[in-house]
Amino acid sequence: MLEHLDRLPPDPILGVMAAFRADSDPRKVDLGVGVYRDDAGETPVMKAVREAERDVLARQTSKTYVAAVGNAGFNEAMERLVLGEGHAALASGRLRSIQAPGGCGALRLGAELILRADPHAVVHVSTPTWANHVPLLSNCGLRLQPYPYFDTATGGVAFEAMLGTLDRLPARSVVLLHASCHNPTGADLEDAQWRDLLGVVRRRSLLPFIDIAYQGLGRGVAEDAYGPRLFCAELPEVLIAVSCSKNFGLYRERTGALQVLSATPTAADAAISQLMRIARGLYSMPPDHGAAITHAILTGEGLRKSWASELDAMRLRIQRLRGAALQRLTVTCPHKDFGFLARQRGMFSYLGVDAAAVRELREQHHVYMMDDGRINIAGLRMENIEYFAEAVGKVLR
Ligand SMILES: Cc1ncc(COP(=O)(O)O)c(C=O)c1O
(Lines give C-alpha, C1' and ligand atoms only; values in the text may rest on other atoms or scores of the structure.)
Protein backbone atom coordinates (compact mmCIF):
# COMPACT_ATOMS: atom_id res chain seq x y z
CA MET A 1 0.00 0.00 0.00
CA LEU A 2 2.62 2.48 1.02
CA GLU A 3 4.70 2.32 -2.14
CA HIS A 4 2.22 4.62 -3.94
CA LEU A 5 2.65 7.49 -1.51
CA ASP A 6 4.10 10.68 -3.01
CA ARG A 7 7.22 12.02 -1.44
CA LEU A 8 6.52 15.50 -0.03
CA PRO A 9 8.99 18.38 0.06
CA PRO A 10 10.39 19.07 3.54
CA ASP A 11 9.03 21.97 5.60
CA PRO A 12 10.84 25.15 4.42
CA ILE A 13 12.11 25.91 7.94
CA LEU A 14 13.94 22.56 8.05
CA GLY A 15 15.80 23.50 4.88
CA VAL A 16 16.92 26.82 6.41
CA MET A 17 18.00 25.04 9.63
CA ALA A 18 19.98 22.41 7.73
CA ALA A 19 21.71 25.01 5.52
CA PHE A 20 22.65 27.03 8.61
CA ARG A 21 24.09 23.97 10.36
CA ALA A 22 26.14 23.06 7.29
CA ASP A 23 27.63 26.59 7.01
CA SER A 24 31.06 26.66 8.65
CA ASP A 25 31.57 30.44 8.45
CA PRO A 26 32.02 31.80 11.99
CA ARG A 27 30.09 34.98 11.11
CA LYS A 28 26.87 33.07 10.27
CA VAL A 29 23.64 34.50 11.69
CA ASP A 30 20.51 32.37 12.25
CA LEU A 31 17.32 34.43 12.03
CA GLY A 32 15.23 31.49 10.80
CA VAL A 33 13.72 29.18 13.37
CA GLY A 34 11.27 30.84 15.80
CA VAL A 35 12.83 30.08 19.16
CA TYR A 36 14.06 32.63 21.70
CA ARG A 37 17.83 33.02 21.93
CA ASP A 38 19.94 34.69 24.62
CA ASP A 39 23.07 36.82 24.21
CA ALA A 40 25.12 33.67 23.71
CA GLY A 41 22.79 32.47 20.94
CA GLU A 42 21.43 29.69 23.19
CA THR A 43 17.85 28.71 24.05
CA PRO A 44 18.51 27.87 27.70
CA VAL A 45 16.25 26.13 30.21
CA MET A 46 14.82 28.95 32.36
CA LYS A 47 16.10 28.94 35.96
CA ALA A 48 12.57 28.75 37.34
CA VAL A 49 11.89 25.76 35.09
CA ARG A 50 15.01 23.94 36.31
CA GLU A 51 14.05 24.49 39.93
CA ALA A 52 10.39 23.58 39.43
CA GLU A 53 11.44 20.47 37.53
CA ARG A 54 13.56 19.31 40.47
CA ASP A 55 10.61 19.82 42.85
CA VAL A 56 8.19 18.03 40.53
CA LEU A 57 10.45 15.00 40.17
CA ALA A 58 11.16 14.86 43.91
CA ARG A 59 7.44 14.90 44.73
CA GLN A 60 6.28 12.55 41.98
CA THR A 61 5.33 9.13 43.32
CA SER A 62 3.54 7.72 40.29
CA LYS A 63 3.47 7.92 36.52
CA THR A 64 -0.13 6.83 36.25
CA TYR A 65 -2.54 8.73 33.99
CA VAL A 66 -3.57 12.16 35.19
CA ALA A 67 -7.01 12.94 33.71
CA ALA A 68 -8.76 13.47 30.39
CA VAL A 69 -8.46 17.25 30.74
CA GLY A 70 -4.87 16.91 31.94
CA ASN A 71 -3.51 18.65 35.04
CA ALA A 72 -6.42 20.55 36.65
CA GLY A 73 -4.10 22.80 38.68
CA PHE A 74 -2.23 23.75 35.51
CA ASN A 75 -5.47 24.47 33.66
CA GLU A 76 -6.66 26.77 36.44
CA ALA A 77 -3.30 28.55 36.76
CA MET A 78 -3.23 29.14 33.00
CA GLU A 79 -6.74 30.62 33.07
CA ARG A 80 -5.50 33.07 35.72
CA LEU A 81 -2.34 33.85 33.78
CA VAL A 82 -4.16 34.59 30.53
CA LEU A 83 -7.21 36.36 31.94
CA GLY A 84 -5.62 37.91 35.03
CA GLU A 85 -6.56 37.46 38.71
CA GLY A 86 -10.10 38.57 39.45
CA HIS A 87 -11.35 38.39 35.84
CA ALA A 88 -15.14 37.98 35.80
CA ALA A 89 -14.96 34.94 33.50
CA LEU A 90 -13.02 32.95 36.12
CA ALA A 91 -16.00 32.87 38.50
CA SER A 92 -18.68 32.78 35.81
CA GLY A 93 -19.01 29.00 35.57
CA ARG A 94 -18.77 29.47 31.77
CA LEU A 95 -15.03 28.87 31.37
CA ARG A 96 -13.49 25.42 30.82
CA SER A 97 -9.95 24.34 29.94
CA ILE A 98 -8.34 21.24 28.55
CA GLN A 99 -4.58 20.78 28.65
CA ALA A 100 -3.14 20.21 25.18
CA PRO A 101 0.15 19.10 23.61
CA GLY A 102 1.45 22.63 23.02
CA GLY A 103 -0.28 25.55 21.38
CA CYS A 104 -0.50 23.44 18.21
CA GLY A 105 -2.49 20.78 20.05
CA ALA A 106 -4.78 23.48 21.45
CA LEU A 107 -5.36 24.96 18.00
CA ARG A 108 -6.24 21.55 16.62
CA LEU A 109 -8.62 20.79 19.52
CA GLY A 110 -10.33 24.14 18.92
CA ALA A 111 -10.68 23.38 15.21
CA GLU A 112 -12.24 19.98 15.94
CA LEU A 113 -14.67 21.56 18.42
CA ILE A 114 -15.72 24.18 15.85
CA LEU A 115 -16.24 21.42 13.28
CA ARG A 116 -18.56 19.57 15.64
CA ALA A 117 -20.48 22.77 16.41
CA ASP A 118 -20.87 23.64 12.72
CA PRO A 119 -19.44 21.42 9.95
CA HIS A 120 -19.78 24.34 7.51
CA ALA A 121 -17.96 26.87 9.68
CA VAL A 122 -15.31 29.00 7.96
CA VAL A 123 -12.26 30.18 9.90
CA HIS A 124 -10.96 33.57 8.78
CA VAL A 125 -7.20 34.00 9.16
CA SER A 126 -4.98 37.07 8.84
CA THR A 127 -2.95 37.72 5.67
CA PRO A 128 -0.36 36.54 6.40
CA THR A 129 -0.64 34.18 9.33
CA TRP A 130 1.70 31.62 10.88
CA ALA A 131 2.16 28.95 8.19
CA ASN A 132 1.24 26.10 10.54
CA HIS A 133 -2.19 27.61 11.26
CA VAL A 134 -3.29 26.37 7.85
CA PRO A 135 -2.80 22.59 8.33
CA LEU A 136 -3.68 22.76 12.04
CA LEU A 137 -7.08 24.28 11.33
CA SER A 138 -7.91 22.84 7.92
CA ASN A 139 -6.73 19.22 8.13
CA CYS A 140 -9.84 18.28 10.09
CA GLY A 141 -12.03 19.62 7.28
CA LEU A 142 -12.65 23.25 8.26
CA ARG A 143 -12.54 25.79 5.48
CA LEU A 144 -10.16 28.77 5.83
CA GLN A 145 -10.46 32.21 4.27
CA PRO A 146 -8.05 35.14 4.53
CA TYR A 147 -8.76 38.63 5.85
CA PRO A 148 -6.48 41.63 5.19
CA TYR A 149 -4.06 42.27 8.04
CA PHE A 150 -0.50 43.38 7.30
CA ASP A 151 0.18 46.73 5.69
CA THR A 152 3.48 46.34 3.84
CA ALA A 153 3.75 50.12 3.36
CA THR A 154 3.80 50.92 7.10
CA GLY A 155 4.76 47.59 8.68
CA GLY A 156 1.61 47.95 10.81
CA VAL A 157 -1.90 46.54 10.70
CA ALA A 158 -4.18 47.45 7.76
CA PHE A 159 -6.89 47.94 10.35
CA GLU A 160 -9.56 49.65 8.21
CA ALA A 161 -9.31 46.90 5.59
CA MET A 162 -9.34 44.19 8.27
CA LEU A 163 -12.39 45.62 10.01
CA GLY A 164 -14.19 46.28 6.71
CA THR A 165 -13.80 42.61 5.70
CA LEU A 166 -14.80 41.22 9.09
CA ASP A 167 -17.82 43.54 9.17
CA ARG A 168 -19.22 41.79 6.10
CA LEU A 169 -18.95 38.22 7.42
CA PRO A 170 -22.03 36.11 8.08
CA ALA A 171 -22.95 35.34 11.70
CA ARG A 172 -21.08 32.38 13.25
CA SER A 173 -17.97 32.96 11.19
CA VAL A 174 -14.83 32.16 13.15
CA VAL A 175 -12.02 34.75 13.29
CA LEU A 176 -8.54 33.59 14.25
CA LEU A 177 -6.66 36.38 16.05
CA HIS A 178 -3.10 36.60 17.37
CA ALA A 179 -3.21 38.03 20.91
CA SER A 180 0.23 39.65 20.56
CA CYS A 181 3.60 39.32 18.83
CA HIS A 182 1.92 38.46 15.51
CA ASN A 183 3.74 35.65 13.74
CA PRO A 184 5.19 36.30 11.13
CA THR A 185 4.84 40.12 10.96
CA GLY A 186 5.26 41.51 14.51
CA ALA A 187 2.38 43.91 13.72
CA ASP A 188 -0.07 43.93 16.65
CA LEU A 189 -3.45 45.51 17.31
CA GLU A 190 -3.40 48.50 19.67
CA ASP A 191 -5.76 48.38 22.67
CA ALA A 192 -8.18 50.84 21.01
CA GLN A 193 -8.22 48.60 17.92
CA TRP A 194 -9.14 45.58 20.04
CA ARG A 195 -12.07 47.64 21.36
CA ASP A 196 -13.18 48.55 17.82
CA LEU A 197 -12.80 44.93 16.78
CA LEU A 198 -14.95 43.87 19.74
CA GLY A 199 -17.76 46.05 18.36
CA VAL A 200 -17.64 44.28 14.98
CA VAL A 201 -17.35 40.79 16.51
CA ARG A 202 -20.38 41.49 18.67
CA ARG A 203 -22.46 43.14 15.93
CA ARG A 204 -21.79 40.33 13.42
CA SER A 205 -22.01 37.49 16.01
CA LEU A 206 -18.56 36.18 15.13
CA LEU A 207 -16.66 33.60 17.18
CA PRO A 208 -13.16 34.82 18.13
CA PHE A 209 -10.49 32.12 18.30
CA ILE A 210 -7.45 33.74 19.90
CA ASP A 211 -3.96 32.26 19.64
CA ILE A 212 -1.72 33.41 22.52
CA ALA A 213 1.75 31.93 22.10
CA TYR A 214 3.98 34.85 23.19
CA GLN A 215 2.41 36.26 26.37
CA GLY A 216 5.04 38.41 28.08
CA LEU A 217 7.36 38.74 25.10
CA GLY A 218 5.69 41.77 23.51
CA ARG A 219 4.70 44.54 25.95
CA GLY A 220 4.23 42.51 29.16
CA VAL A 221 2.20 39.64 30.61
CA ALA A 222 -0.97 41.68 31.19
CA GLU A 223 -0.57 43.95 28.17
CA ASP A 224 -0.09 41.04 25.76
CA ALA A 225 -3.39 39.54 26.96
CA TYR A 226 -5.41 42.74 26.50
CA GLY A 227 -7.45 41.22 23.65
CA PRO A 228 -8.39 37.91 25.31
CA ARG A 229 -9.16 39.69 28.61
CA LEU A 230 -11.42 42.22 26.91
CA PHE A 231 -13.20 39.66 24.74
CA CYS A 232 -13.79 37.24 27.64
CA ALA A 233 -15.26 40.09 29.70
CA GLU A 234 -17.61 41.24 26.95
CA LEU A 235 -18.59 38.30 24.73
CA PRO A 236 -20.64 35.15 25.27
CA GLU A 237 -18.23 32.81 23.46
CA VAL A 238 -14.43 32.88 22.99
CA LEU A 239 -11.86 30.17 22.23
CA ILE A 240 -8.25 30.68 23.36
CA ALA A 241 -5.30 28.48 22.37
CA VAL A 242 -2.43 28.98 24.83
CA SER A 243 1.19 27.87 24.43
CA CYS A 244 3.89 27.65 27.13
CA SER A 245 6.59 26.94 24.55
CA LYS A 246 8.08 30.42 24.31
CA ASN A 247 7.30 32.23 27.57
CA PHE A 248 8.28 29.21 29.72
CA GLY A 249 10.81 27.88 27.21
CA LEU A 250 9.10 24.47 27.35
CA TYR A 251 9.06 23.84 23.60
CA ARG A 252 9.74 20.10 23.56
CA GLU A 253 7.61 19.38 26.61
CA ARG A 254 4.54 20.19 24.48
CA THR A 255 2.68 22.30 27.02
CA GLY A 256 -0.45 24.30 26.29
CA ALA A 257 -4.19 24.52 26.82
CA LEU A 258 -7.43 25.25 25.05
CA GLN A 259 -9.68 27.61 27.02
CA VAL A 260 -13.33 27.79 26.06
CA LEU A 261 -15.75 30.45 27.22
CA SER A 262 -19.34 29.40 26.54
CA ALA A 263 -22.58 31.35 26.81
CA THR A 264 -23.88 29.36 29.81
CA PRO A 265 -22.46 26.87 32.36
CA THR A 266 -24.54 24.13 30.69
CA ALA A 267 -23.05 24.93 27.28
CA ALA A 268 -19.59 24.98 28.90
CA ASP A 269 -20.13 21.47 30.29
CA ALA A 270 -21.17 20.27 26.84
CA ALA A 271 -18.12 21.88 25.21
CA ILE A 272 -15.63 20.30 27.62
CA SER A 273 -17.31 16.89 27.27
CA GLN A 274 -16.88 17.18 23.50
CA LEU A 275 -13.24 18.22 23.91
CA MET A 276 -12.46 15.24 26.15
CA ARG A 277 -13.93 12.95 23.50
CA ILE A 278 -11.99 14.69 20.72
CA ALA A 279 -8.68 14.45 22.62
CA ARG A 280 -9.32 10.79 23.43
CA GLY A 281 -9.57 10.05 19.71
CA LEU A 282 -6.47 12.07 18.80
CA TYR A 283 -3.85 11.30 21.46
CA SER A 284 -5.87 10.24 24.51
CA MET A 285 -4.06 12.30 27.17
CA PRO A 286 -1.61 15.18 27.13
CA PRO A 287 1.96 14.82 28.46
CA ASP A 288 2.21 15.89 32.11
CA HIS A 289 5.79 17.00 32.68
CA GLY A 290 5.61 20.53 31.24
CA ALA A 291 2.21 21.17 32.80
CA ALA A 292 3.44 20.06 36.24
CA ILE A 293 6.43 22.40 35.91
CA THR A 294 4.28 25.34 34.79
CA HIS A 295 1.83 24.70 37.62
CA ALA A 296 4.67 24.66 40.18
CA ILE A 297 6.01 27.96 38.82
CA LEU A 298 2.70 29.78 38.68
CA THR A 299 1.60 28.68 42.16
CA GLY A 300 4.95 29.04 43.97
CA GLU A 301 5.62 32.60 45.06
CA GLY A 302 9.41 32.52 44.70
CA LEU A 303 9.38 30.52 41.47
CA ARG A 304 6.80 32.80 39.95
CA LYS A 305 8.84 35.90 40.76
CA SER A 306 11.97 34.32 39.32
CA TRP A 307 10.10 33.29 36.14
CA ALA A 308 8.54 36.74 35.73
CA SER A 309 11.88 38.51 36.02
CA GLU A 310 13.52 36.11 33.57
CA LEU A 311 10.66 36.69 31.14
CA ASP A 312 11.04 40.46 31.60
CA ALA A 313 14.72 40.15 30.73
CA MET A 314 13.86 38.19 27.57
CA ARG A 315 11.35 40.84 26.48
CA LEU A 316 13.76 43.69 27.20
CA ARG A 317 16.50 41.94 25.25
CA ILE A 318 14.23 41.68 22.20
CA GLN A 319 13.32 45.37 22.53
CA ARG A 320 17.00 46.36 22.80
CA LEU A 321 17.85 44.29 19.72
CA ARG A 322 15.01 45.93 17.79
CA GLY A 323 16.32 49.38 18.69
CA ALA A 324 19.93 48.51 17.87
CA ALA A 325 19.02 46.87 14.54
CA LEU A 326 16.99 49.93 13.56
CA GLN A 327 19.86 52.23 14.46
CA ARG A 328 22.43 50.30 12.42
CA LEU A 329 20.14 49.68 9.42
CA THR A 330 19.37 53.41 9.26
CA VAL A 331 23.09 53.94 8.65
CA THR A 332 23.70 51.05 6.23
CA CYS A 333 20.42 51.44 4.26
CA PRO A 334 19.69 55.20 4.39
CA HIS A 335 17.16 54.95 1.52
CA LYS A 336 14.88 52.43 3.34
CA ASP A 337 12.73 53.17 6.40
CA PHE A 338 13.14 50.44 9.01
CA GLY A 339 11.18 52.36 11.68
CA PHE A 340 8.70 49.48 11.81
CA LEU A 341 11.31 47.37 13.62
CA ALA A 342 10.90 49.48 16.75
CA ARG A 343 7.10 49.72 16.47
CA GLN A 344 6.53 45.99 16.05
CA ARG A 345 6.43 43.54 18.96
CA GLY A 346 7.78 40.12 19.81
CA MET A 347 10.36 38.01 18.08
CA PHE A 348 9.32 38.41 14.43
CA SER A 349 9.45 41.01 11.70
CA TYR A 350 9.34 40.98 7.96
CA LEU A 351 12.59 42.55 6.82
CA GLY A 352 10.80 43.65 3.65
CA VAL A 353 13.25 42.05 1.21
CA ASP A 354 12.46 39.85 -1.79
CA ALA A 355 13.39 36.21 -2.37
CA ALA A 356 16.50 37.13 -4.38
CA ALA A 357 17.78 39.28 -1.50
CA VAL A 358 17.04 36.48 0.99
CA ARG A 359 19.10 34.13 -1.19
CA GLU A 360 21.95 36.59 -1.54
CA LEU A 361 22.03 37.23 2.22
CA ARG A 362 22.25 33.48 2.77
CA GLU A 363 24.76 32.63 0.04
CA GLN A 364 27.04 35.67 0.15
CA HIS A 365 26.75 36.81 3.77
CA HIS A 366 25.76 33.73 5.83
CA VAL A 367 22.63 35.46 7.14
CA TYR A 368 19.74 32.97 7.26
CA MET A 369 16.06 33.93 7.33
CA MET A 370 12.78 32.53 6.06
CA ASP A 371 12.19 32.75 2.28
CA ASP A 372 9.49 35.39 2.81
CA GLY A 373 11.97 37.65 4.65
CA ARG A 374 10.71 36.84 8.17
CA ILE A 375 13.46 37.34 10.71
CA ASN A 376 13.63 36.18 14.31
CA ILE A 377 14.97 39.26 16.07
CA ALA A 378 16.06 37.15 19.06
CA GLY A 379 18.51 35.36 16.75
CA LEU A 380 20.59 38.57 16.59
CA ARG A 381 23.33 39.37 19.10
CA MET A 382 24.60 42.81 20.03
CA GLU A 383 27.99 41.93 18.63
CA ASN A 384 26.74 40.80 15.20
CA ILE A 385 24.12 43.51 14.55
CA GLU A 386 26.73 45.60 12.77
CA TYR A 387 27.62 42.65 10.52
CA PHE A 388 23.94 41.92 9.86
CA ALA A 389 23.14 45.56 9.01
CA GLU A 390 26.12 45.84 6.69
CA ALA A 391 25.09 42.63 4.89
CA VAL A 392 21.55 43.95 4.42
CA GLY A 393 22.98 47.28 3.23
CA LYS A 394 25.12 45.53 0.59
CA VAL A 395 22.22 43.43 -0.66
CA LEU A 396 19.76 46.32 -0.85
CA ARG A 397 22.21 48.73 -2.47
C1 LIG B 1 1.54 31.86 16.34
C2 LIG B 1 1.86 30.58 17.05
N3 LIG B 1 0.88 29.88 17.60
C4 LIG B 1 1.10 28.74 18.25
C5 LIG B 1 2.36 28.22 18.38
C6 LIG B 1 2.44 26.94 19.13
O7 LIG B 1 3.59 26.38 19.41
P8 LIG B 1 3.71 25.04 20.28
O9 LIG B 1 2.80 24.04 19.71
O10 LIG B 1 5.14 24.69 20.17
O11 LIG B 1 3.30 25.39 21.69
C12 LIG B 1 3.44 28.91 17.78
C13 LIG B 1 4.80 28.39 17.83
O14 LIG B 1 5.67 28.74 17.09
C15 LIG B 1 3.17 30.12 17.12
O16 LIG B 1 4.14 30.85 16.54
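Ligands are counted one by one from 1 in listed order, and the atoms in each one are counted from 1 as well. Computed from a predicted structure; not experimentally measured.
- With salt bridges taken as basic N to acidic carboxylate O contacts below 4.0 Å, one links R27 and D25.
- Contact shell of ligand 1 (protein heavy atoms, cutoff 4.0 Å): G102, G103, C104, W130, N183, D211, A213, Y214, S243, S245, K246, R254.
- Side-chain contact of H289 with T255: a donor-acceptor pair under 3.5 Å is absent, judged by distance alone.
- Q344 and H182 are not linked by any side-chain donor-acceptor pair at a separation below 3.5 angstrom, with hydrogens and angles left out of the test.
- Checked for salt-bridge contact, D30 and R37 meet the test: a charged N lies under 4.0 Å from a carboxylate O.
- Not counting sequence neighbours, the partners of F20 by the ring-ring contact (aromatic ring centres under 6.0 Å, His included) test are Y368.
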Report the C-alpha distance between Y226 and L189 in whole Å, list the side-chain angles of each, state the deciding distance to 0.1 Å, and finish with yes or no for side chain to side chain contact (heavy atoms under 4.5 Å, CB included). CA-CA 10 Å; Y226 182 83; L189 296 176; over 6 Å; no
